[in-house]
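Reading through the structure tokens given below for one structure.
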Amino acid sequence: MAGSVSAMAEVPEKPTLDGLEARWRDRWERDATYRFDRSKERSAIFSIDTPPPTVSGSLHMGSVFGYVQTDCIARFRRMRGEEVFYPMGWDDNGLPTERRVESFFGVRCDPSLPYDPAFEPPAEPDRKRPVPCSRPNFVELCLRRTAEDELVFEDLWRRVGLSVDWTLTYTTIGPKAQRASQRAFLRNLARGEAYAAEAPTLWDVTDQTAVAQAELEDREQAGALHRYAFRATAGGEPVTIETTRPELLPACVALVCHPDDDRYRHLVGSTVTSPLFGVDVPVHTHELAQPDKGTGVAMICTFGDVTDVIWWRELDLPVRNILERNGRLRPEPPDAITTNPGRAAYAELAGKTTKQAQVRIVELLREAGELEGEPRPITHPVKFYERGDRPLEIVTSRQWYIRNGGRDADLRKALLSRGEELKWHPGFMKSRYDNWVGGLNGDWLISRQRFFGVPFPLWYRIGADGSVDHADPIVPDEDLLPIDPSSDVPPGFTADQRGVSGGFVGDPDIMDTWATSSLSPQITCGWEDDADLFGRTFPMDLRPQGPEIIRTWLFATVVRSHLEHDVLPWSDASINGWILDPDRKKMSKSKGNVVTPVDLLERHGSDAVRYWAASARPGTDTAFDEGQMKVGRRLAIKLLNASKFVIGVGEGAADVDPDAVRQPLDRALLAEVADLVDEATTAFEGYDYARALERTEAFFWTFCDDALELVKGRAYGSLGPTASASATTALRLSLSTLHRLFAPFLPFVAEETWSWWQEGSVHRAPWPDVAELRASADGANPLVLQVATAALAEVRKAKTTAKRSLRTEVTAAVVRDRPERIAALRLAADDLRESGRIVSLELVEAADGEPSVEVSLAEPEPAAS
RNA sequence: GGGCGCUUAGCUCAGCUGGUCAGAGCACCUGCCUUACAAGCAGGCGGUCGGGGGUUCGAGUCCCUCAGCGCCCACCA
């Protein structure tokens, strides 16, 4: 720690937190304090797979919460001597960005339009009447918008003091991410892990794209049960069914009941005829048909829900599709409707939305006398795209999938054992992974019928008859990636062959955003692009993230790494908790009362907000509490003042001689500091930053209130230079340790106070060395500090109880205690006498009986005139 | 319906492998200008550790059960 004093800042007369954030964030940028040094060996590197935040909105406190917790871990590791690989990414591709751009600029993407180099969005966006633009124009607007959003995000992250290396920043729409996504996909394809299939798919009729299982959510919706009967084709009793989707009657392909249901046994194997449409459909049995639901007989339509899909597949039923991709009924009836009344009834429904069609078909059924009773209102769970506002439909379409164990028991088992292999923090979060992987019911659907995303790097040949050959796609060379098949031309073809017979056509779809972000380790670590970096950083050490994206991001990343590298993408995953608002509800942007991070940072300061975030136990939901931020701010101020005192009393020199600590009390203090370092280090190693903070903070306050007070007078020199040096040295060793223990949590104030007396950044300083502290504390008797503190507390209590100033002189104090404690106190008697302003201190050994302290106070001075 | 988590002072939460574990901070009350800090210091009030069983010499701490809250998942008739 030797160095020139001149390089150090002055200790300010009146320390303040004002201006610390701006000063140090600029300094850290200028000094490249957090720059990753890629010359280090893998064993010396700690690599963090940071969640790329979605930049299509604004950051809220939930994001700050989790990222700060990760930053504390990163800072600890860096001080511990590991080279921290800590990049930030922006998730800017996909539907959220498209929506934001549509509403921000007042435009709408129309892929049929040609590129217009001069296109400019309307000066005054009209969301009701968006201006159509070509896909390339639309993508340009997306890029323009996200670039601006990303600057705002970066500013906030710098403001909260995230120690990321900003030179490593990536975006999920950027060329690196596109190249990695396309390469990974092509390799999946080559190995048979990616495949295209024409299949019933959950479909969002608003965005007109397929969605994946992981993006679904159930919402309780109002609906109604409608009853009507099918007539037995061969005559006999009609069979009544109950349905919430009467409008799908023309798409009915069968009825189904449970195999053990005796009520309908006679119908199984026969056909029944649908009302209104007169279509004959078979009656089947299936285990999933529940006798106690509805009438016990269900109508199978193509497709009303995912159960229909299961029945359709397992009972080998035909497709009778009536829904278009925009959510409206097709203009023409299915071929199975052959009767004139049936076709006339369908004509009443054609072109309507499912909602409108439902209203109309109920009228038709009622008019025909087919409706039994009136519809009974119910509420029931309905599947939605998590970002959508209309119920999902199921349509048959050609989509790309990646195998994820949803249809393959061996792969599922392998992925479950990856979950076992991964170290979870906290451990109980693993069950979410197990639940999800165990409950998968299909492969991972990665294609989206949208515009702003990574295109599938494929073309298809067009036959002489104009038909597209999907079975044998044309694949680009990996070296050419990334490519855009809608503008790039496949090898052996020319541009004018696009879309014509004998020519080619590009795959029109893009990949879902998770198909890219699941490759964040590959993207950041330089997979195939930078083998040297990759070797030093992959597999990564830590994946920090929220619990809600275990099923998406975490799982998908495990899948990709397992398939591509046969390894876990990281050794550890730390899962943060939720922020709850004061009503114990999850904080969400939709509520108007959410405070913005910037507002809080301005009001309380970055260190204070970080203190609040770092106080929350890993994985534990935490109330949003500005009170905690105020506590954090007070802590930071206290650190300023205590530092000013300790540095000042030590005459400003950075050098300390550890051998100068001679006094038993001082050694006892250092022994406690060493214990603290042990505890904080162990906690941090287990990713429990909150415990490390709590212990450090608790120690710091007693350090200020007790240890500092006990030795203050001696430090000033009341017992001579040697005793003073012992005190100041112990205080300075303690303070230096505390600065470093606080640095991960309160990076701004720790850096500020460190700069007053030390060279370089505290964030690159070595984590405190327990062995050094123990050496200075050699032979310490912890009782000395404990007993002295307890005795001082009794003296203070006597003064406070008498409502006298703590400066009041004690004429006589008698301490009675067990012999070993009296012996310990005798070693600190001078310090106790001075800090308690005790004139006459008597120490009495009492082998038995309660320890006691008798305090006699000086008479109060006469009231001053 | 299944899974996970939570339930400790008015509030926010610690209590790690059962034996000074009944704690901290905030709030509240009472004092104190004490030469690092009044954005401070000293002291005080305050809880049958959700209910009920059980294991044990001994249980916030382990087991069972019930209740409430939260989150995730589940085949929408």
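Reminder, nothing fancy here: chain letters follow the sequence lines and each chain counts from 1. Side chains included, hydrogens not; waters and symmetry mates left out as well; all remaining heavy atoms used. Please read all numbers here as calculations on a predicted model, not as lab measurements.
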>> Just to be sure I understand the rule, does Leu225(A) reach a base, reach only the sugar-phosphate, or reach nothing, if contact means heavy atoms closer than 4.0 Å?
In response: sugar-phosphate

>> Checking base pairs now: Watson-Crick or wobble, both atom distances under 3.5 Å. What partners rA39(B)?
In response: none

>> Heavy atoms from C-beta onward define the side chain here; which of rA36(B), rU35(B), rC41(B) lies closest to that of Leu806(A)?
In response: rC41(B)

>> Rounded to whole Å, please give me the gap between CZ in Phe700(A) and C1' in rA36(B).
In response: 10 Å

> In whole Å, what is the span from the CG atom of Leu710(A) to the C1' atom of rA42(B)?
Replying inline: 14 Å

> The side chain of Trp701(A) lies closest to which of these nucleotides: rC37(B), rC41(B), rC76(B)?
Replying inline: rC41(B)

>> What is the separation between atom CG on Leu216(A) and atom P on rC73(B), rounded to the nearest whole Å?
In response: 9 Å

>> Is it the case that the side chains of His739(A) and Thr753(A) hold a donor-acceptor pair, with the cut-off being a distance below 3.5 Å and no angle test?
In response: yes

> Base, sugar-phosphate alone, or nothing: which one does Ser805(A) contact when heavy atoms must sit under 4.0 Å apart?
Replying inline: sugar-phosphate

>> From C-beta outward on Thr800(A), which listed nucleotide comes closest to its side chain: rA36(B), rG43(B), rG70(B)?
In response: rG43(B)

>> Please report the distance separating the C1' of rG25(B) from the corresponding atom of rA9(B), rounded so that it comes out in whole Å.
In response: 12 Å

>> Hydrogens and angles aside, do Glu372(A) and Thr240(A) bring a side-chain donor and acceptor to less than 3.5 Å of each other?
In response: yes

>> At 4.0 Å (heavy atoms only), tell me whether Gln290(A) reaches a base, stays on the sugar-phosphate, or touches nothing.
In response: base

>> Using a heavy-atom cut-off of 4.0 Å across all strands, would you classify Ala690(A) as base, sugar-phosphate, or nothing?
In response: nothing

>> Within the 3.5 Å criterion, strictly below it, is a donor on Gln290(A) or His258(A) matched to an acceptor on the partner's side chain?
In response: no

>> Salt bridge or not between Lys383(A) and Asp218(A)? Use side-chain N to carboxylate O under 4.0 Å.
In response: yes

> Which nucleotide in the set rC71(B), rA14(B), rC76(B) lies at the smallest distance from any side-chain heavy atom of Lys293(A)?
Replying inline: rC76(B)

> Taking atom C1' of rG15(B) as reference, at what distance in whole Å does atom CZ of Arg617(A) sit?
Replying inline: 9 Å

> Taking the inter-plane angle between the rings of Trp612(A) and Phe65(A) on a 0 to 90° scale, is it parallel (under 30°), tilted (30 to 60°) or perpendicular (over 60°)?
Replying inline: tilted

> Counting side-chain heavy atoms from C-beta on, which of rA74(B), rA39(B), rA14(B) comes nearest to Arg634(A)?
Replying inline: rA39(B)

> Which part of the nucleic acid does Asp705(A) contact within heavy-atom distance under 4.0 Å: base, sugar-phosphate only, or nothing?
Replying inline: sugar-phosphate

> How long is the line joining CD of Gln628(A) and C1' of rA14(B), in whole Å?
Replying inline: 11 Å

>> Both Val631(A) and Thr243(A) contact RNA chain B. Taking the nearest nucleotide for each, which residue is further toward the 5' end?
In response: Val631(A)

> If we call it a pair only when both distances are under 3.5 Å in a Watson-Crick or G-U wobble match, what pairs with rU56(B)?
Replying inline: none

>> Check Glu709(A) with Lys712(A), please: is the shortest side-chain N to carboxylate O separation under 4.0 Å?
In response: yes

>> Which nucleotide, if any, forms a Watson-Crick or G-U wobble pair with rC75(B), using both distances under 3.5 Å?
In response: none

> Is the phosphate of rG44(B), meaning OP1 or OP2, less than 4.0 Å from a side-chain N or O of Lys797(A)?
Replying inline: yes

> Asn641(A) or Gly627(A): which one's nearest nucleotide on RNA chain B is closer to the 5' end?
Replying inline: Gly627(A)

> Which of these nucleotides, rU34(B), rA74(B), rU30(B), is closest to any side-chain atom of Arg807(A)?
Replying inline: rU34(B)

> Taking atom P of rC29(B) as reference, at what distance in whole Å does atom NZ of Lys803(A) sit?
Replying inline: 14 Å

> When you check the glycosidic angle of rG58(B), does it come out syn, meaning within 90° of 0, or anti?
Replying inline: anti

> Among rU35(B), rC16(B), rU30(B), which nucleotide sits nearest the side chain of Arg691(A)?
Replying inline: rC16(B)

> Between Lys638(A) and rA38(B), is there a side-chain N or O to OP1/OP2 distance below 4.0 Å?
Replying inline: no

>> Does Lys14(A) reach a base, just sugar-phosphate, or nothing at all? Heavy atoms under 4.0 Å.
In response: sugar-phosphate

>> Just to be sure I understand the rule, does Gln213(A) reach a base, reach only the sugar-phosphate, or reach nothing, if contact means heavy atoms closer than 4.0 Å?
In response: sugar-phosphate

> Considering only the C1' atoms, how many Å lie between rG70(B) and rG31(B), rounded to the nearest integer?
Replying inline: 43 Å

>> Strictly below 4.0 Å: does Arg804(A) bring a side-chain N or O up to OP1 or OP2 of rC32(B)?
In response: no

>> Measure CG/Leu635(A) against P/rG25(B) and give the value in whole Å, please.
In response: 13 Å

>> Please name the nucleotide paired to rU7(B) by Watson-Crick or G-U wobble geometry with both distances under 3.5 Å, or report none.
In response: rA67(B)

>> Students often get this wrong, so: under 4.0 angstrom with heavy atoms, is Lys630(A) touching a base, only sugar-phosphate, or nothing?
In response: nothing

> rC75(B) P sits how many Å from Ile394(A) CD1, rounded?
Replying inline: 11 Å

> Choosing from rC4(B), rG43(B), rG15(B), which nucleotide comes nearest the side chain of Ser431(A)?
Replying inline: rC4(B)

>> Between the side chains of Arg219(A) and Glu217(A), is the shortest nitrogen-to-carboxylate-oxygen separation below 4.0 Å, so that they form an ion pair?
In response: yes

> What does Ile241(A) touch in the nucleic acid at a heavy-atom separation under 4.0 angstrom: a base, only the sugar-phosphate, or nothing?
Replying inline: nothing

> Taking the side chain of Glu709(A) as its heavy atoms from C-beta onward, which of rA36(B), rG25(B), rC13(B) lies nearest to it?
Replying inline: rA36(B)

>> Given rU34(B), rA74(B), rA36(B), identify the nucleotide with an atom nearest to the side chain of Lys644(A).
In response: rA36(B)

> Any donor-acceptor pair under 3.5 Å between the side chain of Lys383(A) and the base of rC76(B)?
Replying inline: no

> Base, sugar-phosphate, or nothing for Arg245(A), non-hydrogen atoms under 4.0 angstrom?
Replying inline: nothing

> Can a salt bridge be assigned to the pair Arg695(A) and Glu679(A) using a cut-off of 4.0 Å between side-chain N and carboxylate O?
Replying inline: yes

>> Any salt bridge linking Lys430(A) with Glu420(A)? Criterion: basic side-chain nitrogen under 4.0 Å from a carboxylate oxygen.
In response: yes

> According to a strict under-4.0 Å criterion, is Asn441(A) in side-chain N/O contact with OP1 or OP2 of rC75(B)?
Replying inline: yes

>> At 4.0 Å (heavy atoms only), tell me whether Ile310(A) reaches a base, stays on the sugar-phosphate, or touches nothing.
In response: nothing

